[in-house]
Amino acid sequence: GCGICIKKCPYSAISIINLPEKLSKSLVHRYGPNAFELFRLPTPKEGRSLGILGSNGVGKSTSLKILAGVLKPNLGRFESPPDWDEIIDFFKGSELQPYFEKMANGRLRVSYKPQAVDSLRKYDLRVGEALQRADERNVSRELADYLNLSSLKDRLLKQLSGGELQKVAIAAALSKDADVYLLDEPSSYLDIRERLRVANLIKEQVRPGKYVIIVEHDLAVLDYVSDLVSIIYGEPGVYGIVGIVKGVRAGINSYIQGYIREENIRFREYPIEFHERPPPVEWPSESVLVKWGTIHKSLGEFTLRVEEGRVHRGEVVGVLGPNGIGKTTFVRILAGEIEPDEGWVERVQNVRLSYKPQFLGEVKFEGTVREFLRSSEVDTSSPTIQAELMKPLRVHSLLDHYMQDLSGGELQRVLIVAALGREADIYLLDEPMAYLDVEQRYAVAKVIKRLTAEKGVSTIVVEHDIVAIDFLAMTLMVFRGIPGKQGEASSPMDMRKGMNLFLKDMSLTFRRDPDTKRPRINKPGSWMDRYQKEVLKEYYYVV
Ligand code: ADP
Ligand code: ADP
Ligand code: MG
Ligand code: MG
């Protein structure tokens with residue numbers, strides 16, 4: 001262990017935690033005997049936005065449900081639950097006391113966007129009707145326009161893609177006239193531009209007298225929307241402890257370092273390390289693994305053009321672009337699943353491909369996870385695969401489950417182990433970070449980096465999480481154009497050039513945090529934003 005701690009977790013990434021005796025007095029909720037326990041609650045502040053950060057299974061959604069009034073906290077007494085007076089007394093002296101007083105008296109109006117937006121599909125409603133019903137501020141049309149939902153208003157909810165449904169759920173939640181806005185993982189399924197628009201809408205709700213609370217795994221988005229941050233740590237599925245509320249920069253840095261100084265808690269043995277960009281690599285020509293000539297492909301109404309390019313041994317290529325712009329189409333062309341109309345793809349002889357598709361439904365396998373991994377040629381007994389992939393992604397406990405019974409998040413984790421755990425020369429990963437928590441995202445990113453460097457393979461990663469792309473990519477392909485109609489892809493270029501191209505389109509600039517080197521979004525119109533755009537002409541590469 002690390003010396004501070006007394007308890008060994010089965011989850012190695014969050015290795016060991018000391019659970020102080022006095023915590024038992026702060027048990028806020030327990031689902032049942034031997035069930036998950038939540039200690040303390042994130043304390044929101046009026047007029048400020050509070051971001052919540054933590055691994056999957058440590059009680060983030062449980063916290064939001066309690067703050068939303070969907071779940072009444074039982075203070076651990078699931079058999080004889082306390083009444084509101086006791087609950088209010090429990091939170092005496094903190095801002096949660098008046099919060100729950102208002103809730104108990106029915107004077108707190110709450111708007112809540114739950115994590116699982118797929119549940120909206122059960123309503124037999126059209127988008128327009130759904131938005132109108134929710135609207136209490138007469139803003140639904142404006143929100144729909146801003147989020148590009150207007151053209152969908154006659155579609156049934158059950159016909160929508162994940163991203164479209166997410167935007168409807170967010171627009172509905174933000175159109176309520178509430179005192180509290182709670183958003184559980186709002187950026188899932190969204191591309192970067194959509195994430196930022198949603199973030200801007202959430203920021204608009206941060207006003208005197210209002211509470212805004214967000215759970216989010218995309219660190220750039222969380223950083224951008226939050227004024228304050230609270231970390232929840234613990235043993236996933238067993239217990240979660242809510243850390244103190246800090247300012248956003250200190251809170252996220254503390255998460256990256258794996259250490260909460262004020263509480264002397266180390267919840268990860270190592271920090272996540274970002275590096276300033278090394279200079280672009282000159283790749284020797286004999287290291288090319290795959291190359292292509294200018295590619296054209298039409299699919300229905302959609303046409304894609306990809307500039308000629310090549311990928312080398314030891315190269316991690318990040319792929320950025322909005323939804324519906326042809327990223328998956330390109331990856332499928334590289335994987336040999338579809339043929340280009342014009343152009344060619346040339347792979348070195350006997351090259352082995354490993355491909356994780358974006359849509360999990362494409363994987364049909366009857367049998368257990370163990371059998372699936374075996375059939376994917378993953379050696380589940382290898383200590384490296386166990387330590388680097390199976391443990392951080394918590395797949396070891398799923399081995400005897402049937403593939404058909406897995407949830408979306410579980411299936412994603414199994415598919416990542418299958419894709420990265422087998423021997424190949426080229427790894428193609430289409431949106432691998434969806435459904436993963438921050439901890440898992442960086443575990444996956446680390447494996448990708450190590451595998452690519454040590455084994456001299458190539459990896460191509462399509463991903464909307466720009467902090468994760470910054471962490472792992474060496475070169476970038478940028479997809480631009482008109483989503484659903486026309487896509488234009490660049491060849492892989494160095495990060496600085498690629499990010500400048502990509503961010504300029506979005507009129508967005510990034511700076512680096514001086515302590516952790518993580519990228520942070522500059523507030524649009526701020527001094528730094530204008531300086532980078534107008535003087536430096538650097539959207540990205542600034543320390
Ligand atoms: P997070 O949002 O951080 O991923 P959740 O708050 O959803 O975590 O869940 C924390 C833990 O509580 C999980 O282990 C989950 O299985 C468990 N849990 C959630 N809801 C219930 C419930 N209704 N009954 C029993 N256990 C639950
Ligand atoms: P991305 O991965 O960038 O989100 P895709 O490559 O999946 O984009 O899709 C690009 C566009 O091509 C989308 O508008 C999609 O609807 C369309 N498309 C994809 N496959 C087909 C197909 N088989 N037939 C018709 N249109 C398709
Ligand atoms: Mg959750
Ligand atoms: Mg795609």
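Counting starts at 1 for both ligands and their atoms, following the listed order.
Assignment of G326 to the shell around ligand 2 is supported, since a heavy atom sits closer than 4.0 Å. Look at G487 and you'll find every heavy atom at least 4.0 Å from all atoms of ligand 2.
For ligand 2, the polar-atom distance check finds an N/O of G324 within less than 3.5 Å of one of the ligand's N/O atoms.
For a heavy-atom separation below 4.0 Å, the residues in contact with ligand 1 are Y31, F36, S55, N56, G57, V58, G59, K60, S61, T62, G237.
The main-chain N or O of N74 is found under 3.5 Å from a side-chain atom of H29 such that the two form a donor-acceptor pair. Of the possible polar contacts, none joining the E95 side chain to the K45 backbone as a donor-acceptor pair under 3.5 Å is found. Between the side chain of E463 and the backbone N or O of M433, at least one donor-acceptor pair lies under 3.5 Å. Side-chain atoms of R40 do not come within 3.5 Å of backbone N or O of I244 as any donor-acceptor pair. A distance-only check finds no donor-acceptor pair linking the side chain of S230 to the backbone of V245 [under 3.5 Å].
Aromatic ring centres of Y539 and F502: separated by at least 6.0 Å. For Y99 and Y211, the ring centers sit closer than 6.0 Å to each other.
When non-hydrogen atoms are compared, ligand 2 lies under 4.0 Å from the backbone of P322 (N, CA, C, O) but not from its side chain.
In this structure, V212 and V225 have side chains that are not in contact, with every pair of non-hydrogen atoms separated by 4.5 Å or more.
Protein contacts to the Mg ion (ligand 4) involving N, O or S atoms at a distance below 2.8 Å are T328 OG1, Q358 OE1.
Using bins of under 30°, 30° to 60° and over 60° for the plane-to-plane angle, the ring pair F39/Y239 lands in the perpendicular bin.
Counting heavy atoms of neighbouring residues, nucleotides and ligands inside a 6.0 Å radius, atom CG of N34 does not exceed 12 of them.
Contact check on R77 versus E86 returns a salt bridge, with a Lys/Arg side-chain nitrogen under 4.0 Å from an Asp/Glu carboxylate oxygen.
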